[in-house]
Each structure stands twice: as C-alpha cells, then as structure tokens.
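Each remark here refers to the structure printed beneath this line.
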Amino acid sequence: MNAIKKLPPPTNHLIASELPIYIEKQLKSHSRYILCYKHLLNQHRNTFVKRDTLIDTEQRVALILTAMEKGFRIEFHTLMNLKRSYESTLFNLREEMQGKLGSAIRVNSNRDLGNLLFNNLGLSPLRRTPTGNSSASIDVLERLRDSYSDVYPFLKSVIEFKNAQSLIKSVKTISKKLDLQDRIHPEFNHSTCPTGRIYSYIQNLPKEVRKVLIPDEEGNAFIELDWSQQELRILAALSQEPVFLDCLDRNEDLHKRVISEMFHKPIFEVKDEERKIGKTINYALIYGQEAPGLSWKLNIPLKKAQELIDQYFLSLLMIRKFKDESRERFLSEGYSETAFGRKTQLDLIGSKRARELRRGFNHIFQGTGADILRMTLVRLNEALVGQMAKLKFCAHDAIYIEAKEELSEEIGELAKSIMEIEFKGVRLPVTVKIHNNLSMGD
DNA sequence: CCAACTGGCGCC
DNA sequence: AAATGGCGCCAGTTGG
C-alpha cells in the first residue's frame with residue numbers, strides 16, 4: 001500500500017484560517033460574509049483557495065451574493081392556493097390509504113411504515129439505513145409497489161401521500177422565511193462546501209413550488225441561463241477523451257454516443273431506453289459510483305452492472321486513464337484539486353478511504369463547475385452595469401437575471417455570450433429561457 | 001422542554 | 001456502509 005503523507009498546504013495558497021484576515025480588510029460593511037469565512041475555521045475538511053483567486057474573485061462574489069439576497073417577491077395568494085390544494089390532496093389520500101389498508105397509518109414515520117411493511121406484512125427489506133434498519137424511503141416503496149401492486153394497493157397511495165407531503169413542507173418552509181414585505185431571501189452560504197459550491201435553501205424548493213417566486217416589478221421577467229451538461233464537458237476537457245471530444249464537436253448526444261461506443265452500433269440505432277442507461281453511467285462515473293450502486297439504480301443484477309462499467313472503461317480509455325491518474329495524485333499529494341486550484345484535503349487514512357477517494361474524484365468536476373460559476377458571476381455582474389437588468393439567483397450550473405420583459409431576449413443573448421466560455425478546448429454551451437416566475441415558462 | 005441526531009427528500 | 005458527490009430543511013425520535 002502506498003505511504004500516505006500529510007502535506008502542508010501548497011505555497012501560494014491560503015489556509016482557511018487566514019481567510020478572515022483578508023476578508024475583514026476588504027469587506028468591513030458585510031459582516032455576514034466575514035462570519036461565513038470564520039466558519040471555515042471549524043471545518044473538519046481543510047479547503048485552500050489561491051491567494052489571487054481569493055482577492056480577485058471571492059470578495060466580489062461575496063458582494064454579489066449580498067446583493068442577490070435582496071431576494072424575491074412572492075405571490076402570497078398563489079402560495080395559499082397551493083397550500084390548500086396540497087392539503088385537500090393529503091386529506092383524500094389519507095382516506096384512500098385507510099380504506100385500502102383497513103386501519104390508520106402514520107405515513108410520516110418511516111419507522112412505523114417499515115414496521116408495517118417488513119414486520120406485519122412480512123415483506124423482505126430491499127435496503128438498510130446506515131444504522132441497520134429497513135429503509136422505507138420512496139424509491140424502496142416504488143419498487144415494492146411495482147412488485148405487489150395487486151396485493152397491496154395502498155402502496156400507491158402512500159407514495160402519492162409522501163409526494164404531496166414533501167410539497168406542503170416546502171410551502172411551510174417558504175412561509176416561515178417570509179419577511180414583513182412578503183419577500184423571501186436566499187441566504188447564500190458560500191463557505192461551508194469543500195467543493196466551493198454556493199448553497200441556498202431556495203435551490204432545493206421543488207420546481208412546482210418555485211413558481212410563487214416572481215419578479216420585483218410588473219413587466220419584468222426572469223432570464224434563466226443554464227450550462228448544459230457542464231460537469232460532463234469538464235470531464236471531456238480534463239480527460240481529453242477523443243470519443244467525448246469528437247461527439248461534442250459533431251454536436252451529437254453524449255449519452256447515446258456512449259452506448260454506441262460500448263456496444264459497437266451506430267448512434268442512430270440507440271433507443272431512448274438505452275440512452276437512459278448511458279446517462280446513468282455517465283453520471284455514475286462523475287459521482288464515483290460503483291457496481292452495487294449502479295445495479296440498484298438500473299435495477300439489474302450486480303454482475304450485469306459490473307460488466308457495464310468494465311465496458312465503459314474499455315470504450316473510453318482516456319477517461320479510465322484520467323480516473324487512474326487522479327487516484328494516484330490523491331494518494332501521493334493527499335488532496336484533490338479543481339482546474340482552477342481549489343483544493344480539498346482528503347482523509348485517506350482509515351475506514352473512510354474509499355469514500356474519500358470518490359469524494360476527491362467528484363470534487364474535480366463539482367469544484368471546477370463551482371469555480372466557473374463564481375468567476376462567471378463576477379464577469380456577468382460587470383457586464384450588467386448600466387443595463388436595465390440585475391443578477392437575481394444562482395444554482396450550481398444556472399444563473400438567473402431579472403430584466404424588463406422587452407429587453408430580456410437581448411440581455412439573455414448578452415449573458416449567454418459571456419457564459420459560453422471555452423474550457424480547455426471544450427465549449428460550454430448555455431441554454432436561455434425566459435420565465436415569468438422562478439420555475440416554468442409563461 | 002430543548003438539542004442533537006436520524007432518515008428522508010428536495011435541488012444540482 | 002445506498003459500495004453515488006454536494007447541501008439545506010423537515011418530521012420523527014431520543015436523550016438530557
């Protein structure tokens with residue numbers, strides 16, 4: 001086994017504990033973000049940021065986030081209508097479940113649910129939670145429903161109930177966060193995630209509920225700018241895998257192309273069913289997923305899953321090489337680094353080793369994506385000076401701008417041209433959509 | 001009664 | 001060990 005050394009932070013990098021000193025000087029009036037950086041001190045995972053990156057980008061990002069925390073106006077009566085409609089759905093489903101089951105059940109408690117399914121009804125557990133209990137989460141319930149729909153029709157209602165319940169939870173979350181003017185504020189956290197991602201609870205509002213978030217003024221619209229398949233393109237660029245590069249050059253579908261390569265058939269013969277498999281494997285790679293995970297995800301035998309993975313690496317040799325070399329680097333250097341120098345220390349000693357190696361591999365893509373987002377926020381912010389438009393929100397691979405509706409096409413094109421950078425020879429294309437609320441068009 | 005934890009779910 | 005990375009939030013549960 002390789003000797004694992006614990007190395008000091010690389011030169012030209014600040015250790016997290018130095019951050020507050022720099023930030024405090026620059027950002028006297030934005031105490032919240034100084035605080036955020038201070039939280040880094042208590043982090044168990046060390047993160048390092050390049051000195052110039054910090055000064056050029058991080059503090060500007062902090063200012064931009066502060067501005068975006070002005071937040072959203074919400075349509076209060078729409079929120080209440082949603083709430084009422086979910087409540088009545090829940091009421092009906094509760095009746096339905098009890099009818100089918102013959103007794104009441106507390107669906108909220110997965111423990112009760114698990115007892116019912118795996119003790120009282122004697123079904124065999126499909127999966128366990130980390131503490132060893134039988135999992136009764138939605139995806140398990142769906143598998144059970146598919147197998148036992150005739151015997152246990154209440155399973156269908158339970159799933160619908162859970163779905164409706166998660167929606168009503170989101171409504172509650174919003175209601176709790178409203179200020180006196182019925183505005184909701186993102187509260188971006190940009191310092192806790194080791195990969196550099198910026199987080200806000202608004203990002204994980206269900207899309208259906210996000211539509212209550214509307215522009216500040218009548219006649220304004222949201223411009224949504226999305227990088228398409230950002231992480232996969234980063235993978236293509238960093239690995240220089242010829243199949244990926246060729247595919248992107250020709251503007252072909254990446255997931256279909258993977259299947260086409262793996263099974264040696266022309267791309268136009270790849271069916272949508274197979275494309276799904278290609279997509280699952282592509283993302284599995286980025287997450288460091290292995291055969292057991294893939295077999296659960298695709299609902300196929302373990303052996304089949306392993307064969308798929310083997311075939312994937314056999315067809316995409318440069319990706320395999322990139323993965324192997326990354327692993328070697330993690331082991332010799334002790335940390336994982338993004339394309340722009342954001343590093344995260346890996347804990348490679350002990351039981352977490354395998355997990356840390358997966359995290360390290362994922363850090364490359366997730367972190368590089370996060371770097372790109374941060375730099376782009378800064379560039380966009382500058383480009384929008386003097387325009388009738390403002391940065392509104394961001395979510396990992398998407399940026400939202402609010403602008404006058406008549407100007408939104410034009411501003412959208414401007415923003416798109418700024419976001420569509422070329423990254424190591426790979427273009428990162430952006431899709432533009434205009435919305436009247438935060439989730440859906442029109 | 002509160003705080004911390006667990007399991008689950010939402011988004012990317 | 002969900003043998004898929006990241007986070008935030010909720011309800012339920014447990015311990016003080």
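Keep in mind that the numbers below use all heavy atoms, side chains included, and drop hydrogens, waters and symmetry copies.
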Between [X] and [N], is there a side-chain N or O to OP1/OP2 distance below 4.0 Å?
{"X": "A:Arg128", "N": "B:dT6", "value": "no"}
{"X": "A:Ser135", "N": "C:dA2", "value": "no"}
{"X": "A:Arg359", "N": "C:dC7", "value": "no"}
{"X": "A:Lys207", "N": "B:dC12", "value": "yes"}
{"X": "A:Ser109", "N": "C:dA11", "value": "no"}
{"X": "A:Lys169", "N": "B:dG8", "value": "no"}

Between [X] ([atom1]) and [N] ([atom2]), how many Å, whole number?
{"X": "A:Tyr86", "N": "C:dC10", "atom1": "OH", "atom2": "C1'", "value": "16 Å"}
{"X": "A:Arg358", "N": "C:dA2", "atom1": "CZ", "atom2": "C1'", "value": "10 Å"}
{"X": "A:Leu225", "N": "B:dC12", "atom1": "CG", "atom2": "P", "value": "15 Å"}
{"X": "A:Gln289", "N": "C:dT4", "atom1": "CD", "atom2": "P", "value": "5 Å"}
{"X": "A:Ile399", "N": "B:dC12", "atom1": "CD1", "atom2": "P", "value": "15 Å"}
{"X": "A:Phe161", "N": "B:dG8", "atom1": "CZ", "atom2": "P", "value": "17 Å"}
{"X": "A:Leu205", "N": "B:dC12", "atom1": "CG", "atom2": "P", "value": "11 Å"}
{"X": "A:Ile168", "N": "C:dA11", "atom1": "CD1", "atom2": "C1'", "value": "13 Å"}

Contact class for [X] vs. all strands (heavy atom < 4.0 Å): base, sugar-phosphate, or nothing?
{"X": "A:Arg197", "answer": "base"}
{"X": "A:Ala354", "answer": "nothing"}
{"X": "A:Ala284", "answer": "nothing"}
{"X": "A:Lys297", "answer": "base"}
{"X": "A:Asn133", "answer": "sugar-phosphate"}
{"X": "A:Ile286", "answer": "nothing"}
{"X": "A:Gln203", "answer": "sugar-phosphate"}
{"X": "A:Ile202", "answer": "nothing"}

Test log, rule salt bridge (charged side-chain N to carboxylate O under 4.0 Å, His left out), inputs A:Glu241 and A:Lys323: CA-CA 11 Å; A:Glu241 164 58 49; A:Lys323 194 173 179 193; over 6 Å; no

Quiz item: A:Tyr199 side-chain donor-acceptor pair to C:dG6 base, under 3.5 Å: yes

N/O donor-acceptor pair, side chain A:Asn110 with base C:dA11, under 3.5 angstrom: no

Nearest 0.5 Å, please: how far is [atom2] in [Y] from [atom1] in [X]?
{"X": "A:Leu141", "Y": "A:Asp146", "atom1": "CG", "atom2": "CG", "value": "11.0 Å"}
{"X": "A:Ile214", "Y": "A:Arg73", "atom1": "CD1", "atom2": "CZ", "value": "3.5 Å"}
{"X": "A:Ser200", "Y": "A:Met68", "atom1": "OG", "atom2": "CE", "value": "9.0 Å"}
{"X": "A:Ile300", "Y": "A:Leu294", "atom1": "CD1", "atom2": "CG", "value": "5.5 Å"}
{"X": "A:Tyr86", "Y": "A:Arg84", "atom1": "OH", "atom2": "CZ", "value": "13.0 Å"}

Pairing partner of C:dG8 (Watson-Crick or G-U wobble, both distances under 3.5 Å): B:dC9

Which nucleotide in the set [options] lies at the smallest distance from any side-chain heavy atom of [X]?
{"X": "A:Ser166", "options": "B:dC12, B:dC9, B:dC11", "answer": "B:dC9"}
{"X": "A:Thr129", "options": "C:dG6, B:dG8, C:dG5", "answer": "B:dG8"}
{"X": "A:Asn108", "options": "C:dA11, C:dG5, C:dT13", "answer": "C:dA11"}
{"X": "A:Lys176", "options": "C:dG12, C:dC10, B:dG8", "answer": "C:dC10"}
{"X": "A:Asp397", "options": "B:dC9, B:dC12, C:dC9", "answer": "B:dC12"}
{"X": "A:Lys172", "options": "C:dG6, C:dT13, C:dA11", "answer": "C:dA11"}
{"X": "A:Tyr287", "options": "C:dG12, C:dG5, C:dA2", "answer": "C:dG5"}

Residue whose closest nucleotide on DNA chain C lies nearer the 5' end, A:Glu231 versus A:Tyr201: A:Glu231

Comparing A:Ser170 and A:Ser137 on DNA chain C - which has the more 5′ nearest nucleotide: A:Ser137

Same-atom distance (C1') from C:dA2 to C:dG6, integer angstrom: 16 Å

Would [X] and [Y] pass as an ion pair if we require N to O under 4.0 Å?
{"X": "A:Glu356", "Y": "A:Arg359", "value": "yes"}
{"X": "A:Glu290", "Y": "A:Arg358", "value": "yes"}
{"X": "A:Asp324", "Y": "A:Arg320", "value": "yes"}

Salt bridge (charged side-chain N to carboxylate O under 4.0 Å, His left out) between A:Arg329 and A:Glu325, intermediate numbers included: CA-CA 6 Å; A:Arg329 265 203 320 281; A:Glu325 286 174 357; 5.4 Å; no

Report, one pair per line, the protein and nucleotides 14-16 of chain C atoms (nitrogen or oxygen only) whose separation is under 3.5 Å.
unit_1	atom_1	unit_2	atom_2	d
C:dT14	OP1	A:Arg111	NH1	3.2
C:dT14	OP1	A:Arg111	NH2	2.5

